[in-house]
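Please read the structure below before turning to the comments.
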Amino acid sequence: EEVLHAITNCVEISLVWGILGFNPENHSEPVYDPDFKFEVHSTQVWLLQVVERARAAKELKVRSEAVSWLEAFNTSMNMIDVFPSGSHVHEQVQRFFDNEGNAALYGTDVGTLGSGHTGRIDYVRIRLRINALQTAGTVALEPYYKKWSTFLGQVNE
């Protein structure tokens, strides 16, 4: 049976949508993808399916107790309704982040045009933890890198 490492010591995987890269003249300034539309219902469903596929792929070693913001948002929406779409998504995302606990855990996982998670959603980041120690070193972590690269290649086909 696999030993579970302390979750805070595990590698964090970040999957980001909505950022094309960074400004070549200012490397800390992101270049947003104008075609990324989180408010479209099918985009939300697809992103959630990516998380579910990652969790189902045992070789990726995703830890169940580390919940991404999208999963938490989906849970909160299912208590009310289904994923919102159109202009309602901005209101629901803002309401989700108005909760101090959600803002503390996930506040940097969604970037919006306005402050306080208001306005157009520019990017989303899904953070997952895998059962691999951050301190394991590159040789030990390389197999995970290869498995995740393969998975993401399949997801992005």
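Computation of the quantities below employed the complete heavy-atom set of this structure, encompassing side-chain atoms and omitting hydrogens, waters and symmetry-equivalent molecules.
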Check: Between W69 and F38, how do the two ring planes meet: parallel, tilted or perpendicular, split at 30° and 60°?
Finding: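 Ring orientation of W69 relative to F38: tilted.
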
State, yes or no, whether a side-chain contact exists between [X] and [Y] at a heavy-atom distance under 4.5 Å.
{"X": "R125", "Y": "L15", "value": "no"}
{"X": "I7", "Y": "E65", "value": "yes"}
{"X": "H117", "Y": "V110", "value": "yes"}
{"X": "V50", "Y": "I126", "value": "no"}
{"X": "W17", "Y": "Y123", "value": "no"}
{"X": "Q134", "Y": "R129", "value": "yes"}
{"X": "R127", "Y": "S68", "value": "no"}
{"X": "F73", "Y": "Q92", "value": "yes"}

Check: Taking NZ, NE, NH1 and NH2 as the nitrogens, is one of them in R120 or E39 under 4.0 Å from a carboxylate oxygen of the other?
Finding: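 A salt bridge is absent here (no side-chain N lies under 4.0 Å from a carboxylate O).
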
Notebook entry, point to check: Between K146 and E142, is there a side-chain N and carboxylate O pair less than 4.0 Å apart?
Noted result: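 Looking at E142 together with K146, the answer is yes, because their closest N to O distance falls below 4.0 Å.
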
Note to self: Assess, by modelled atom type and distance only, whether the side chains of N26 and S28 contain a donor and an acceptor separated by less than 3.5 Å.
What the structure shows: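 Result is yes, a qualifying pair exists.
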
Find out if a path of hydrophobic residues (ILVMFWY) with successive side-chain heavy-atom gaps under 4.5 Å connects [X] to [Y].
{"X": "F36", "Y": "V155", "answer": "yes"}
{"X": "W46", "Y": "L70", "answer": "yes"}
{"X": "Y32", "Y": "V16", "answer": "yes"}
{"X": "I19", "Y": "L152", "answer": "no"}

Notebook entry, point to check: Can you name the nearest heavy-atom pair linking A54 to V62, along with the distance?
Noted result: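 Taking every non-hydrogen atom into account, O-CG2, 3.5 Å.
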
Check: After noting the C-alpha distance and the side-chain angles of K61 and E2, does the key distance pass the salt bridge (Lys or Arg N to Asp or Glu O under 4.0 Å) rule?
Finding: CA-CA 10 Å; K61 308 278 188 192; E2 184 176 16; 3.5 Å; yes

Where the side chain of [X] meets the backbone of [Y], is there a donor-acceptor pair that is under 3.5 Å apart?
{"X": "N102", "Y": "F96", "value": "yes"}
{"X": "T112", "Y": "I121", "value": "no"}
{"X": "N131", "Y": "H5", "value": "yes"}

Margin query: Around atom CD of E29, are there more than 12 heavy atoms from other residues, nucleotides or ligands closer than 6.0 Å?
Written below: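 Check passes, neighbour count above 12.
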
Checklist line | salt bridge (charged side-chain N to carboxylate O under 4.0 Å, His left out) partners of residues 45-60, not counting sequence neighbours, each pair once | finding: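 Found R55-E71.
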
